[in-house]
Amino acid sequence: MTLRLFNTLTGQLDALVPADGKALRMYACGPTVYDYGHIGNFRTFLQIDILRRFLHLIGTPVFHVMNITDVDDKIIRNAAQAGLPIGEYTARYEQAFFEDLKALRVEIPEQIARATEHIPRMVELIQKLEAAGAAYRTGEGSWYFRLAAFPEYGKLSKKDLSGIEDGARVDVDEYEKDSARDFALWKAAKPGETSWETPIGRGRPGWHIECSAMAMEYLGESFDLHCGGEDLMFPHHENEIAQSETATGKPFARHWMHVRFLLVDGRKMSKSEGNFFTLRDLLLKGYKASAIRLALISVPYRHQLNFTFEGLADATNAIDRLRTFHQRLTAGAFAMGSNQAVQDAAKKAQTDYRDALANDLNTAEARAAIFGFVREANTIIDRGLFHISDRDAALAVLKDFDAVFDVIEDRDAEPTRRALEWAAQSGRQAEVAPALLASQSLTDEAVAALIGERTLAKQQRNFARADQIRAELAEKGVVIEDAKDGVRWKRK
RNA sequence: GGCGCGGUACCCAAGUGGUAAGGGAGAGGUCUGCAAAACCUUUAUGCGCCGGUUCGAUCCCGGCCCGCGCCUCCA
């Protein structure tokens, strides 16, 4: 099975297969670590996670490189405001970023590449460009890429810049450039700013050069796939292509994937709109990490996702449905044998599921295949026609689902606990939802004890007491269900 | 202005030239001490509007309306 993925470069679905026949070599633009990640950032990283997990599901090994931009204008500005060296400043947010990825169950790429650790490679690349006549140095020591040196410029974003006159619609830069569209490769040192002494002068890298240098360092001059948010298509990726292909004379990435931005309540998320949320904001409101994950991956990556709290609640309930089904499978006692109807339905669900994902990562359709199976299986269980071997088949379906979606296995307690710890450390207790605090007040052991007491009360037909305990638990966010095979409970 | 995307039931959201997946929510029912869960029934003769092509269009073409994104180192 091969994944057919939309390729921005060709404008069509192309088969995504490793050029070397072994591992798929991919580069993903990572975060600029100057603040906590927001849900928009994570939608992109989650969709890339879906991609790599699906590749693994169909047996394609992946070598995935992600950069960390740990030096740029915003970082320099914010670190100065915080009175910290940029290394200390970025380390804090880089750590937070990885904690957040872990909470969202995003797999960590095989290779993490920090810009500040690859300065020599960037310098070499700039020197190469200079030798090719595509880079020039300005009076105060900055370096620019000469756009005129790359006639194919615009091929990714389908922009025709030939008609754009210098100076029109382009910010006035503090540095003099030959042409307004020429972009910075290297920025001359300014007093008080972090800089590196190098053969091309003292300064710091421009933004685009780090990705070219690091992608080539770990993946070679040509590689399979480059991904990022849609905003990066232009100018970032366009510039990467220009400088990389000019330097090597070879195609850079063969395949480009861009994840669309999400909207919040129908508008672009922004701090000034008041609809800006970090992952931590949501965890402190009491939403589970798994629900956030599901909400952010259920709409296919090429479609705008409108993020709402209602959607988050929907996702929470959808996960409950899957988890209840899973519990039902594992806890239930089934007779020996198998039911052909279940076996067939399971096979079909798995096929439909994989086909949907293979078709440009259609997560919505893939999800539907799984949920459709869940209902079929539940119906058969209700009729008492579900057998031991059917359980294996059903669990295999859920396993495939979780190999990519990863929301059924409940590992939500840890991210929530960490978020609460973080809130306490950073003085944000006021942001913690009261219901979340209440639900934290009962340990698993305390819940078990109360459930034991309730079971006893029920046996004595003391339903008043039993209901009282149930209400007490409900207040603390614990929901119980009396099933045939025992009491199930979960935290809301 | 240039480039691009989208408008499908109460909400979210797939999809196909042949008659509308899935999730959530609501209502009724089965089951249950009661709940919950699960299941069943139910909620678009209809897929923004108007034309056209076609035996037939939500899906193709044209126009219009509305929303959104990029064109500013914001994922």
Side-chain angles (χ1 to χ4, degrees), chain A residues 8 11 28-32 35 37-48 69 72-74 154 157-161 163-164 169-171 183-184 187 206-208 227-236 239 258-263 266-271 276 294-295 298-300 302-308 310-325 327-328 352 356 359 362-383 458 461-464 466-467 470-471 474 479-484 487-490:
Chain A
T8 309
C29 285
T32 301
D35 202 349
H38 56 70
I39 54 176
N41 298 125
F42 291 120
R43 150 119 138 142
T44 297
F45 297 119
L46 279 163
Q47 294 289 357
I48 292 168
T69 299
D72 89 324
D73 294 346
K74 283 187 297 285
S157 55
K158 319 284 185 255
K159 281 185 195 303
D160 179 8
L161 297 179
I164 294 185
R169 198 81 182 85
V170 175
D171 284 348
F183 59 87
K187 298 185 176 186
W207 175 36
H208 316 294
C227 353
E230 64 168 333
D231 60 313
L232 299 180
M233 195 167 98
F234 182 88
H236 183 54
N239 292 353
H258 292 98
V259 180
R260 273 205 91 172
F261 268 7
L262 62 68
L263 264 36
R267 316 235 113 244
K268 182 166 174 171
M269 181 172 66
S270 75
K271 284 180 179 167
F276 182 94
L294 187 63
S298 289
V299 174
R302 277 210 293 148
H303 291 257
Q304 240 168 16
L305 159 70
N306 185 20
F307 182 90
T308 60
E310 197 187 346
L312 215 40
D314 288 356
T316 304
N317 294 336
I319 289 173
D320 276 348
R321 180 169 171 79
L322 293 171
R323 288 183 180 171
T324 301
F325 177 64
Q327 275 187 317
R328 212 178 176 196
D352 290 351
N359 181 23
N362 191 335
T363 48
E365 202 177 345
R367 228 187 86 149
I370 301 302
F371 277 95
F373 170 75
V374 169
R375 170 144 81 238
E376 287 181 83
N378 267 325
T379 302
I380 293 171
I381 294 173
D382 279 358
R383 290 180 187 153
K458 278 181 63 183
R461 304 199 64 78
N462 182 357
F463 294 121
D467 290 352
R470 186 167 61 199
V479 178
I480 62 181
E481 298 164 11
D482 296 326
K484 276 204 182 76
V487 181
R488 288 194 292 257
W489 67 273
K490 66 192 176 204

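Below, chains carry the letters A, B, ... as their sequence lines are ordered, and counting in each starts from 1. Quick caveat, the model's predicted, so the values are computed rather than measured.
Nucleotides B/A75 and B/G52, compared at atom C1', are 42 Å apart to the nearest Å. Remark: the separation of the P atoms in B/G2 and B/G63 is 14 Å, to the nearest Å. Comparing the same atom, C1', in B/U16 and in B/C47 gives a spacing of 12 Å after rounding to whole Å. Nucleotides B/G18 and B/G23 have their P atoms positioned 24 Å apart, rounded to a whole Å. Using atom P as the reference point in both B/A25 and B/U53, the two lie 46 Å apart (nearest Å). B/A9 and B/U58 have their C1' atoms separated by 14 Å, given to the nearest Å. Spacing between B/G56 and B/G22 at atom P, rounded to whole Å, works out to 30 Å. To the nearest whole angstrom, the two P atoms, one in B/A20 and one in B/U42, are 14 Å apart.
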Using a 4.0 Å heavy-atom cut-off to protein, can you give one letter per nucleotide of nucleotides 30-41 of chain B, 5' to 3': B if the base is in contact, S if only the sugar-phosphate is, - if neither?
---BBBBSBSS-
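Which of B/A14, B/G67, B/G23 sits closest to the side chain of A/Arg267 comes down to B/G67. Among B/A14, B/C11, B/A21, the nucleotide with an atom closest to any side-chain atom of A/Glu365 is B/A14. Checked against B/A75, B/G69, B/A13, the side chain of A/Asn306 finds its nearest nucleotide in B/A13.
Residue-level contact check: A/Phe371 touches the backbone only, with heavy atoms under 4.0 Å from sugar-phosphate atoms and none from bases. Nucleic acid contact class of A/Gly37 (heavy atoms, under 4.0 Å, all strands): none. When heavy atoms are screened at a 4.0 angstrom cut-off, A/Pro300 is found touching the sugar-phosphate backbone but no base atom. Within 4.0 Å (heavy atoms only), A/Val259 reaches no atom of the nucleic acid at all. Contact annotation for A/Ile370: no contact, since no heavy-atom pair falls under 4.0 Å across all strands. In this structure, A/Gly40 reaches the bases: a heavy-atom distance under 4.0 Å links it to at least one base atom across the strands shown.
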Pick out the pairs of N or O atoms, protein on one side and nucleotides 5-7 of chain B on the other, that lie under 3.5 Å.
from, atom 1, to, atom 2, distance (Å)
B/C5, O2', A/Arg260, NH1, 2.7

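Judged by closest nucleotide on RNA chain B, A/Glu310 is the one of A/Lys74 and A/Glu310 placed further toward the 5' end. Remark on RNA chain B: of its neighbouring residues A/Ala315 and A/Pro31, the 5'-side contact belongs to A/Ala315, judged by nearest-heavy-atom nucleotide.
Between A/Trp207 and A/His236, the ring-plane angle classifies as parallel under the 30° and 60° cut-offs.
Per the geometry, CG belonging to A/Asn239 stands 13 Å off C1' belonging to B/U72, to the nearest Å.
OP1 or OP2 of B/A25 has at least one side-chain nitrogen or oxygen of A/Asn317 nearer than 4.0 Å.
Looking at every heavy atom in both residues, A/Ile48 comes nearest to A/Ala28 through CD1-CB, 4.0 Å.
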For RNA chain B, please output the secondary structure as dot-bracket, reading 5' to 3'. Pairs are Watson-Crick or G-U wobble, both atom distances under 3.5 Å; mark crossing pairs with [ ], other-strand partners with |, unpaired with a dot.
(((((((..(((.....[...)))((((((.......))))))....(((((..]....))))))))))))....
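Between the A/Glu365 side chain and the A/Asp352 main chain, no donor and acceptor come within less than 3.5 Å of each other.
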